[in-house]
Amino acid sequence: LRTAAAATTPTALHRRNMGGGNAAKTATARAKHALQDAKANKGSQLKDNKASLSIACKTCLQTFVCSTSEKGLREHWENRHPKLDFYLCFPHCKAPDA
């Protein structure tokens with residue numbers, strides 16, 4: 001049987017007042033990280049990636065990311081359409097003033 005004196009020892013009071021061990025801390029940390037991950041991952045980037053394909057070759061309709069340089073477009077033109085004029089494939093690029 002337990003006595004009333006045993007429940008008032010410093011160790012017993014410490015255990016009763018502290019609450020929450022490692023399991024509680026772990027569960028709290030998991031919940032906090034899950035909330036942060038939910039905020040960070042707002043969904044798929046497929047729509048954004050598709051929207052960024054704003055440059056298209058007018059001959060073969062291959063799309064390019066909007067940040068593609070003219071050098072990259074010229075490389076496509078040289079490999080795929082060397083017999084055509086570059087500005088026919090990519091009319092948005094400015095023709096040099098002659």
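Every heavy atom of this structure was used, including side-chain atoms; hydrogens, water molecules and symmetry mates were not.
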How many angstroms lie between OH in Tyr87 and SG in Cys93, if you round to the nearest 0.5 Å?
7.0 Å

To the nearest 0.5 angstrom, please state how far the CZ atom of Arg80 sits from the SG atom of Cys89.
11.5 Å

Please check if Ile55 and Val65 belong to a single hydrophobic cluster, counting links between Ile, Leu, Val, Met, Phe, Trp and Tyr side chain heavy atoms closer than 4.5 Å.
no

Given side chain to side chain contact (heavy atoms under 4.5 Å, CB included), test Glu78 with Leu73 step by step and report yes or no.
CA-CA 9 Å; Glu78 289 170 357; Leu73 299 177; over 6 Å; no

Looking at Phe64, is its backbone amide N or carbonyl O close enough to the side chain of Thr68 to form a donor-acceptor pair, meaning the two atoms are under 3.5 Å apart?
no

Is any side-chain N of the basic residue among Glu70 and Arg74 closer than 4.0 Å to the acidic one's carboxylate O?
yes

Short side-chain to backbone donor-acceptor contact, Trp77 and Phe90, under 3.5 Å
no

Beyond-backbone contact of Cys60 with His81, side-chain heavy atoms, under 4.5 angstrom
yes

Any side-chain heavy-atom pair of His33 and Arg30 under 4.5 Å
no

Thr63: which residues meet the side chain to side chain contact (heavy atoms under 4.5 Å, CB included) condition with it, sequence neighbours left out?
Leu53, Ala56

Between Leu88 and Pro91 the two heavy atoms that sit nearest each other are O-CD, 3.9 Å

With Glu75 via side-chain hydrogen bond (donor to acceptor under 3.5 Å, both in side chains) - residues at least two apart
none

